[in-house]
Amino acid sequence: MDLPDRFVARMRVLLGAEADEFLNVLAQPAVAGLRVNTLKISAATFRAIAPWNLEPLPWRESGFVVGEEARPGQHPYHAAGLYYLQEPTAMAVAEALAPRAGELVLDLAAAPGGKSTHLLSLMCDDGVLVANEIEPRRTSALAQNLERWGARNVVITNEQPERLADQWGASFDRVLLDAPCSGEGMFRKSEAARAAWSEQHVHGCALRQARALDSAARLVRAGGWLAYSTCTFAPEENENVIARFLDSHHEFALTPIQLAGAERGRPEWVTANTRADLALTVRFFPHHVRGEGHFTALLRRVAGDAHEVEHAEWTPAPKRVQLLWQSFVRETFECDPARDAVLTLRGDQLFAAPSNAPSLDGLKMVCAGLWLGTARADRFEPSHSLALSLRSVEIGSKTMRLDFDPDDERLKRYLQGHPLDEAGANGWVLVSVSGFPLGWGRRAQGVLKNYYPKGLRR
């Protein structure tokens, strides 16, 4: 691997005697990981059914390293949303922020969705997660990953951090800023990151990170928490950004992070700075842990005024549409998957919107809540999102199901979009793998018409 000369020279100065070991590890293959979706399955149960060897991570009980021979992205369990493919040390920041059920949480730079799905699991999908992405072209991947995760209480927005701060103020219990960075921690995985690196790029990232962090701070309520993370080794983008932030934001204070495998931050790497509290930040180095390079700081807002959250006002769906949904629920489920939400219509698409979401007036919203399906003139057609969000308590004796083993040839045909010859009663059929929902089919005269989304077919 060809590393930038100036990067190598800097790391030799910073790491001293450790530099050779560090650089030798960067020449080795990157480590692959996955995180189990605990909204759908426990880590222990998944490990028992997984077809690959899984090495547990010390900082996340549902996180694992997978072997180089594994291809988890091609397995039907991935299509069912049982796990997210994520770099192992990238799982640390959500663990540090530790959101709780019922809270209002913001992921400020959310795409492609790894940290959003992690936050949602820690919240037990209870409360509201706002997943914001600045780049419009990245919102589709974010939405797709949250859909596969089975997300319900999520709002996806496409806004600049400054706009969100102007709109919402200090409303959130917890805010995560996984800041766009120079990507030094991903050099083993990304040739593009190595090619794009320069000292000027590092300094430019640091300026943008400082601005984004200022906006993130405005969104944290008094007593709330703010997590800042990067996947770079550069102190200019890590300890130095935090030092400058604390010098100008006396209402925030660093908080210790207890994560196995994490090392203290390096205040000694910050030029002309005497802030010993920077040692409360944490770093991951690839020559010490199974993973890549990451930095995390956890800050608490220790002063400030209380701010009243203005909630979104959803327009209730027309009575006709609500009756179509209720009829579908009675025929299909044990209990209503949208029982705690507001039914609202966008075009002909019915959503279960979280009742306690913040006001979205004037903001670019990608979606809000769970897409239940499409309201036709005389019937309701369930969505793929609904299938992937279903909990076991909602699926009952009335639910027509077609369950496959992972290696069943009929399952492969379903995931390719083919109709299946399947005898049984006419109507909507929930297709699953090992008991976990994958999507829908509609059976008529012994043929199952395939409703697996065309964009996901293999």
Side-chain angles (χ1 to χ4, degrees), residues 35 37-39 81 84-86 90-91 93-165 167-168 171-180 212-213 215-216 218-220 224-229 231 309 311-312 314 341 346 351-360 362-371 383-385 388-389:
R35 178 173 39 77
N37 185 351
T38 53
L39 297 176
Y84 189 96
L85 300 176
Q86 188 174 27
M91 304 177 198
V93 62
E95 290 293 313
L97 188 57
R100 300 173 181 172
E103 291 186 330
L104 182 59
V105 180
L106 171 63
D107 186 353
L108 203 49
K115 296 176 178 67
S116 286
T117 57
H118 194 169
L119 293 169
L120 201 69
S121 290
L122 294 171
M123 297 166 64
C124 302
D125 201 3
D126 182 355
V128 176
L129 171 67
V130 177
N132 180 69
E133 175 51 43
I134 300 170
E135 293 291 339
R137 67 181 183 274
R138 288 164 57 87
T139 57
S140 59
L142 172 62
Q144 188 179 102
N145 283 323
L146 284 166
E147 175 187 66
R148 188 168 60 248
W149 208 246
R152 294 185 176 181
N153 293 308
V154 174
V155 175
I156 301 177
T157 55
N158 169 219
E159 283 289 357
Q160 295 293 325
E162 296 87 349
R163 286 258 302 152
L164 297 182
Q167 170 90 354
W168 289 329
S171 299
F172 287 84
D173 297 295
R174 299 176 201 254
V175 174
L176 168 59
L177 174 59
D178 182 41
L213 191 56
S215 296
R218 293 169 56 199
L219 287 152
V220 182
W225 305 83
L226 169 61
Y228 172 85
S229 70
C231 58
V309 179
H311 291 118
W314 308 111
R346 296 182 68 188
F351 285 82
S355 58
N356 52 347
S359 173
L360 296 161
L363 298 176
K364 287 181 280 187
M365 181 189 72
V366 178
C367 66
L370 172 64
W371 176 34
S383 72
H384 187 61
S385 299
L388 291 174
S389 76

Any side-chain heavy atom of [X] within less than 4.5 Å of one from [Y]?
X    : Y    : value
W225 : V175 : no
V155 : L129 : no
Y84  : N145 : yes
V93  : H118 : no
R100 : M123 : no
R138 : L142 : no
S116 : V154 : no
F172 : P99  : no

Report summary line: Tested for side chain to side chain contact (heavy atoms under 4.5 Å, CB included) against L106, the lone hit among L176, V130, L119, L226 is V130
Query raised in the report: How would you list, by chain and number, every residue that makes a salt bridge (Lys or Arg N to Asp or Glu O under 4.0 Å) with E135, sequence neighbours excluded?
Result: R137
Query raised in the report: Donor-acceptor pair, R174 side chain versus L104 backbone, under 3.5 Å?
Result: no
Query - side chain to side chain donor-acceptor pair (under 3.5 Å) between S385 and E147, intermediate numbers included - result: CA-CA 5 Å; S385 299; E147 175 187 66; 2.5 Å; yes
Requested in this report: Could you list the residues that satisfy ring-ring contact (aromatic ring centres under 6.0 Å, His included) with W314, not counting sequence neighbours?
Outcome: none
Query raised in the report: Salt bridge or not for R152 and D125, using N-O below 4.0 Å?
Result: no
